[in-house]
Structures are given as structure tokens and as C-alpha cells.
**Q** 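Please see the structure below; I have some questions.
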Amino acid sequence: MTVIVPFVSEASQDERQAWCEALPEALSGVATVKPFEDLTDEERKLATVAIVANPDPAKVAALPNLVWVQSLWAGVERLTAELPADGPLIVRLTDPQMAETMSEAVLAWTLYLHRDMPRYRVQQDRKIWQGHELKLPGEQTVGMLGLGKLGAAAALRLKANGFSVLGWSRSAKALTGIACHHGADGLRTVLERSDILVLLMPLTEDTKGLIGQDELSACKEGAALINFARGPILDEPALLAALDNGPLGHAVLDVFDKEPLPASHPFWTHAKVTLLPHISAPTITSTASKIVAANIGGYLAGGTVPPSVDRSRGY
Ligand code: NAP
């Protein structure tokens with residue numbers, strides 16, 4: 001008898017459609033994927049694993065025997081906030097392709113800042129023909145806040161491209177060629193020494209508002225910041241003040257407190273902000289579906305739940 005795996009999602013119609021095509025194909029021979037809305041009462045009762053993407057928590061609760069849920073996103077702050085702590089285990093998406101895509105984005109926007117593109121864009125608008133001193137990548141220090149699956153890969157990619165890289169994480173880490181720091185003192189060191197600061201940690205109780213006025217004031221004069229993590233990690237009013245009054249020279253922002261960013265938000269027109277619509281590393285349905293299939297296949301064959309989120313840490 002084939003096992004039914006519910007797919008619980010309030011994602012957009014287009015996203016749901018893409019997943020409803022990719023998941024059954026990847027899981028064929030492993031299990032049958034069925035949208036929550038199509039499940040019979042019996043199928044709801046039998047389900048021990050579900051695939052979720054922005055699920056309605058009430059629908060997850062309507063699957064009473066769930067052992068774990070497989071998220072289709074890498075960031076799970078919504079699930080940790082909405083699902084009860086004694087509810088199903090939460091397995092987030094960890095896809096090597098996503099680490100590759102994020103590393104590419106970090107490198108692209110670091111090069112954008114390193115090669116002064118915002119400044120030359122302004123000069124073009126004003127028809128100013130003027131070159132500026134070019135620093136070598138090794139003369140630029142990039143500070144990576146978060147050294148997990150994505151941050152570590154991005155830090156190593158920057159290092160391979162000649163940048164001098166500092167890293168920061170919650171616990172002590174060792175990465176070849178990267179000066180790794182941790183803890184409160186470590187954060188201060190990375191803030192004070194970085195020319196470009198990249199945020200790539202999860203949104204948790206501990207990281208919410210972590211980068212505020214004090215932290216931004218500690219940055220180098222003219223330093224730039226890239227936020228590819230989550231909006232609420234960075235205090236938006238403090239960021240605006242640091243761009244307007246110093247020390248920050250530019251910010252590349254992909255994530256915001258409220259998404260889509262409201263049309264009235266000052267970031268849209270700020271001369272020192274480059275704004276992206278949360279595109280730095282989208283989940284790729286083709287590779288992610290295969291990872292989900294391997295996780296669920298392993299569980300159905302041997303009962304092993306993949307590594308899950310530590311609810312006390314929040315990631
Ligand atoms: P991960 O593997 O869980 O790594 C998280 C890293 O952050 C770890 O190094 C961890 O330290 C560090 N960290 C967590 N809490 C910390 C704290 N309080 N202080 C200092 N460091 C802390 O996560 P990931 O896969 O790299 O993903 C990171 C985040 O990227 C996701 O949570 C998601 O929000 C975001 N993301 C954004 C996009 C986008 O398109 N913009 C796409 C995908 C993901 P330890 O190493 O000590 O545990």
C-alpha cells in the first residue's frame with residue numbers, strides 16, 4: 001500500500017502549482033503526495049510525515065499523528081513561531097544547490113560594492129566621467145555573520161575570490177583561511193574590522209534586532225552592509241540613521257520587516273540603498289524535491305527522521 005504524504009501549503013497559486021508538479025514526480029516510487037484539502041479523514045489520521053510550505057497551523061494540527069514536517073524553505077522562523085513546541089519535529093530544507101546559489105549572490109553583490117557600482121551609477125546619472133582608486137579584493141575585509149550551510153559556503157567563495165574574510169557564529173567554528181569569531185566580543189571585532197558586512201543567520205529570539213544602533217555605530221566609516229538573512233535581524237530605523245548620519249556608506253537589502261516592502265517605505269528611494277525583492281537564493285523546486293524525496297524515503301524505509309530544528313535555539 002502506498003504511503004500518503006500530505007502537502008500543506010498556503011503559498012501562492014503559482015508556487016503551489018510548481019510544487020504539485022515537482023513533488024509527486026520526485027517522490028514517485030517512494031510515496032504519494034496529496035494536497036491537504038484532498039485527504040480523507042482516514043488519510044489525515046495515518047499521516048506521520050507532511051511536506052509544508054507556509055502552512056496554516058490549524059491544518060498541521062488536523063494531522064494528529066505527525067512525527068515530523070519537511071519544510072520547503074531554509075528559514076523556519078514562521079514554523080517555530082506557529083507550531084507548538086511539543087508538536088511535530090521540524091526539518092528545514094538544506095539543499096547544496098541553495099548554498100551554491102546563495103554563495104553566488106553574496107559574491108555578486110560583494111563585487112558590486114567592491115567595484116563601486118552604486119557610485120558609478122550616480123556618476124552616470126549626472127554624466128560625470130571620473131575614475132576612483134581601485135582596491136584589491138585582499139584589501140577589503142568581508143565579515144560574514146552566520147557560518148551555517150549558507151554562510152560558510154559564501155565565506156569560502158569570497159575567500160576563493162581573493163577577499164579577506166572574517167566569520168562570526170554562535171559557537172566556535174574553524175574554516176580554512178577564514179578568521180572565525182563567536183560570542184559578543186567576536187561580533188564587536190567583526191563589526192569594527194569589516195568593510196562589507198553580510199548577514200546570513202536565522203531569525204530567532206536571539207537574533208531579532210541583533211544589529212541595531214550600537215552595532216551599526218561600531219562599523220567602519222563608509223562600510224557597506226548586505227542583508228540576505230531576514231529583515232527583523234536588522235533594526236530598520238537604526239539602519240536608516242546609520243546611512244543618513246554615518247558610518248554606513250551603502251546597504252544591499254533583500255529582506256525586510258514587511259514583505260512585499262510597502263510602496264511608502266523610505267528604502268525604495270534612498271540613494272544609499274540597493275533593494276532586491278527577496279531573490280538572493282530562492283528554493284529551486286527541481287533540486288529541493290529530490291532532497292525531500294530522499295529524506296522521506298529514508299524515513300519510510302528505516303524510520304530515521306533527518307536532523308531537525310532545535311526548538312530551544314530556534315534554528
Ligand atoms: P544554518 O545552517 O542554521 O546556520 C545558521 C548560522 O547562524 C550558524 O553558523 C549559527 O551559529 C549562526 N547563528 C544562529 N544564531 C546565532 C546567534 N544568536 N549568534 C551568532 N550566530 C548565530 O542556516 P543557513 O542554512 O546557513 O541559513 C541562514 C538563513 O539564511 C536562514 O535561516 C534564512 O533565514 C536565510 N535565507 C535567506 C534566503 C534569501 O533568499 N534571502 C534564502 C535562504 C535562506 P552556529 O554555527 O554556532 O550554530
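Indexing begins at 1, ligand by ligand and atom by atom, following the structure's order.
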**Q** Can you check whether His132 and Tyr120 have ring centres sitting under 6.0 Å from each other?
**A** yes
**Q** Do the side chains of Arg121 and Asp125 get close enough for a salt bridge, i.e. N-O under 4.0 angstrom?
**A** yes
**Q** Report the residues that fulfil ring-ring contact (aromatic ring centres under 6.0 Å, His included) with Tyr315, sequence neighbours left out, ordered by chain and then residue number.
**A** none
**Q** I'd like the atom pairs linking ligand 1 to the protein - N or O on both sides, separation under 3.5 Å - with distances to 0.1 Å.
**A**
{"unit_1": "ligand 1", "atom_1": "2 (O)", "unit_2": "Arg92", "atom_2": "NH2", "d": "2.8"}
{"unit_1": "ligand 1", "atom_1": "2 (O)", "unit_2": "Lys149", "atom_2": "N", "d": "2.9"}
{"unit_1": "ligand 1", "atom_1": "3 (O)", "unit_2": "Arg92", "atom_2": "NH2", "d": "3.4"}
{"unit_1": "ligand 1", "atom_1": "9 (O)", "unit_2": "Leu147", "atom_2": "N", "d": "2.9"}
{"unit_1": "ligand 1", "atom_1": "9 (O)", "unit_2": "Gly148", "atom_2": "N", "d": "3.1"}
{"unit_1": "ligand 1", "atom_1": "11 (O)", "unit_2": "Arg170", "atom_2": "N", "d": "3.2"}
{"unit_1": "ligand 1", "atom_1": "21 (N)", "unit_2": "Arg170", "atom_2": "N", "d": "3.0"}
{"unit_1": "ligand 1", "atom_1": "23 (O)", "unit_2": "Arg92", "atom_2": "NH2", "d": "3.4"}
{"unit_1": "ligand 1", "atom_1": "25 (O)", "unit_2": "Arg92", "atom_2": "NH1", "d": "3.0"}
{"unit_1": "ligand 1", "atom_1": "25 (O)", "unit_2": "Arg92", "atom_2": "NH2", "d": "3.0"}
{"unit_1": "ligand 1", "atom_1": "26 (O)", "unit_2": "Lys149", "atom_2": "N", "d": "3.3"}
{"unit_1": "ligand 1", "atom_1": "26 (O)", "unit_2": "Leu150", "atom_2": "N", "d": "2.8"}
{"unit_1": "ligand 1", "atom_1": "34 (O)", "unit_2": "Arg230", "atom_2": "NH1", "d": "3.4"}
{"unit_1": "ligand 1", "atom_1": "40 (O)", "unit_2": "Ser280", "atom_2": "OG", "d": "3.2"}
{"unit_1": "ligand 1", "atom_1": "40 (O)", "unit_2": "Ala281", "atom_2": "N", "d": "3.1"}
{"unit_1": "ligand 1", "atom_1": "41 (N)", "unit_2": "Phe228", "atom_2": "O", "d": "3.0"}
{"unit_1": "ligand 1", "atom_1": "41 (N)", "unit_2": "Asp254", "atom_2": "OD2", "d": "3.0"}
{"unit_1": "ligand 1", "atom_1": "41 (N)", "unit_2": "Ser280", "atom_2": "OG", "d": "2.9"}
{"unit_1": "ligand 1", "atom_1": "46 (O)", "unit_2": "Lys173", "atom_2": "NZ", "d": "2.4"}
{"unit_1": "ligand 1", "atom_1": "47 (O)", "unit_2": "Arg170", "atom_2": "N", "d": "3.3"}
{"unit_1": "ligand 1", "atom_1": "47 (O)", "unit_2": "Ser171", "atom_2": "N", "d": "2.6"}
{"unit_1": "ligand 1", "atom_1": "47 (O)", "unit_2": "Ser171", "atom_2": "OG", "d": "2.5"}
{"unit_1": "ligand 1", "atom_1": "48 (O)", "unit_2": "Tyr315", "atom_2": "OH", "d": "2.5"}

**Q** Measure from the ring center of His114 to the ring center of Phe163 and say whether it is less than 6.0 Å.
**A** yes
**Q** Does this structure show an ion pair linking Lys59 with Glu10, if we count only N-O contacts that are shorter than 4.0 Å?
**A** yes
**Q** What is the minimum heavy-atom distance between Gly314 and Val309, and which atoms define it?
**A** C-CG1, 4.1 Å
